[in-house]
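Within every chain, numbering begins at 1; the chains are lettered A, B, ... in the order of the sequence lines, protein sequences first and strands thereafter.
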Number of protein chains: 2
Amino acid sequence: MKSNDQNDSSPAPAPSHEERDFLAQYDASGFPHPSVTVDVALVTAHEGVLKALLVKRVEPPHKDAWGLVGGFVGMEESLDEAAARVLEEKAGLKDVFLEQLYTFGAPGRDPRTRVISISYFALVDAKRLSEVGNGARTLAQLSVAWPAETGGPVVALGQDESPLPLAFDHAEILGALVLRLRGKLDYAPIGFELLPESFTLRALQDIHQTIKGETLNKDSFRRRMLASGMIEATGGREESVGHRPAKLYRFARGNTN
Amino acid sequence: MKSNDQNDSSPAPAPSHEERDFLAQYDASGFPHPSVTVDVALVTAHEGVLKALLVKRVEPPHKDAWGLVGGFVGMEESLDEAAARVLEEKAGLKDVFLEQLYTFGAPGRDPRTRVISISYFALVDAKRLSEVGNGARTLAQLSVAWPAETGGPVVALGQDESPLPLAFDHAEILGALVLRLRGKLDYAPIGFELLPESFTLRALQDIHQTIKGETLNKDSFRRRMLASGMIEATGGREESVGHRPAKLYRFARGNTN
DNA sequence: CAAATAGTGTCTGTTAGACACTATCAC
DNA sequence: GTGATAGTGTCTAACAGACACTATTTG
């Protein structure tokens, strides 16, 4: 599927750009141009805190620091496609919720050359974390690690500062991410993206509390969700939980009633 | 201040990039790179509708269509700085509220080459419109025009479609802009940016109604604004209005009470 | 005075928070 | 039964909408 020969006469597409030297770019008239990348924060809610996938950098700059997965934007792909590709190549995840966050382009954010990075965030159910790493091309090289498995290479996003040294301006990206999630939670269906298809009201409330960083009133949350029309009962219930089982709900796409 | 000689040995900075040929960019190894631009929507509320500054394009592509002001991002400036510079050079306005909106980068959005554009929006009081054009370097060339003066070269942003043919994906940018303004209005102080420093509650309500595209309850709006702590009375009042004059207020920065 | 809009006081319906109470599972 | 959480009913406080009424200007 992938050609290692850049001079191959067949129309070999994007992947080769990952291995190129990272130098300032010039056009035919000698005018320099910035490089354009996407950085993707893969986010989940785990044990009551928001967590994002970080990979340990094995080469300078910021060697041994932790960073988001990222890569160059190909000439033939949209920004959304680039973000999805990077997420699949470097984390092994497909078909996840993906949204553009913000574009960072301070002149000094990468010490090698001018790099403009469009940041994205992806939301996944914590149960899909086991997929991370499957088929990821550069996993071994970048030594991906995830909280559930190692307890280490994670940053908990909240009022506290990150406990890990982060590369580039990735701490700023994660800060903007938390604000975006908090701001959108009340009017956009992003909470459901962090849960499996069917879930209990309690689990949904936990997600909301994790994002907001505060406890919510149970009765009010319940009434509000049921009245919103955004969820519908699946008919099923929890099983083997040691107490009265809760009804299961699913996200009712389209109902804005 | 500006050098017309690109081979000048003094460290002549950014402005020359505007006149270059617009061709695909390649680095030393022959790998192509996208161009990076900023597009800025200068927005005001005028006669009950949102309006954005558009300039008529005098060269292909999209010759004779209307577009936002835009320009290349210089290698030494941040994205915010690039947006402010473009706004000053092409609309003659300085010191206005400016915020990044979204980044557009579909492969075909510019027929010449791959262009990734970080869009911004600027908010100004309608009374500052008279400044538009002052000192704008390329104004004559691009034939800037504004609603208040011509009635023509404007797009009214609302539920209706634009009556003007718009260049590139600028219609999409304006659509995203309206959604952003509506979404932020209730929790961010953006309404004040569309008004002079002192204003009446009625004028503020008009701005909110213009952005939301719906009428608001007068009593409730009044109570909400006064209780928010975001505004404070200046002590002054309207004059010569043919009816009871309203108190003047100003935006009380920082009060989130 | 009339015309017009600013601003106040009060009632009502809706919604959020609080809390008591009942329901249903595992053990 | 006990322990634990799900789910319901009801009271209350806060707030938005509605509307009547008063206040203050220009002409």
Using the side-chain heavy atoms of [X], tell me which of these nucleotides is nearest: [options].
| X | options | value |
| --- | --- | --- |
| A:His243 | C:dC25, D:dT24, C:dA6 | C:dC25 |
| B:Pro245 | D:dT24, D:dA18, D:dT8 | D:dT24 |
| A:Asn217 | C:dT8, C:dA18, D:dG7 | C:dA18 |

Legend entry - Any N/O donor-acceptor pair, B:Lys218 side-chain to D:dG17 base, under 3.5 Å: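 A donor-acceptor contact between them is absent.
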Inset, instruction - Look at the side chain of B:Arg244 against the base of C:dA4 and say whether a donor-acceptor pair falls under 3.5 Å; ignore hydrogens and angles. - result: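 Check fails, no donor-acceptor contact within cut-off.
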Could you state the [atom1]-[atom2] distance from [X] to [N], rounded to the nearest angstrom?
| X | N | atom1 | atom2 | value |
| --- | --- | --- | --- | --- |
| A:Asp206 | D:dA6 | CG | C1' | 14 Å |
| A:Phe199 | D:dA6 | CZ | P | 14 Å |
| B:Arg222 | D:dG17 | CZ | P | 15 Å |
| A:Leu216 | C:dA16 | CG | C1' | 12 Å |
| B:Glu239 | C:dA6 | CD | P | 16 Å |
| B:Glu238 | C:dT5 | CD | C1' | 9 Å |
| A:Met225 | C:dA16 | CE | P | 10 Å |
| B:Asp219 | C:dG13 | CG | P | 17 Å |

Legend entry - Within 6.0 angstrom of A:Glu214 CD, more than 12 heavy atoms from elsewhere: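 Yes, CD of A:Glu214 has more than 12 neighbouring heavy atoms, counting only those of other groups under 6.0 Å.
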Inset, instruction - Output yes when at least one side-chain N/O atom of A:Arg223 is less than 4.0 Å from OP1 or OP2 of C:dT15, else no. - result: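 No, no such contact exists.
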Legend entry - Shortest non-hydrogen contact from A:His170 toward A:Leu68: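 That would be ND1-N, 2.9 Å.
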Inset, instruction - Identify the two heavy atoms, one from A:His243 and one from A:Glu238, that lie closest to each other, and give their separation to 0.1 Å. - result: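 Nearest heavy atoms, A:His243 then A:Glu238: CE1-OE1, 4.0 Å.
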Legend entry - First of A:Ala246 and B:Gly242 reached from the 5' end of DNA chain D, by closest nucleotide: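 Final value for this comparison: A:Ala246.
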Inset, instruction - Flag the pair A:Thr210 / A:Lys51 as yes when at least one side-chain heavy-atom distance between them is below 4.5 Å, and no otherwise. - result: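 They are not in contact (no side-chain heavy atoms under 4.5 Å apart), so the answer is no.
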Inset, instruction - Report yes if the side chains of B:Arg223 and B:Lys218 come closer than 4.5 Å at any heavy-atom pair, otherwise no. - result: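 The answer is no, as the side chains (C-beta and beyond) never meet within the 4.5 Å cut-off.
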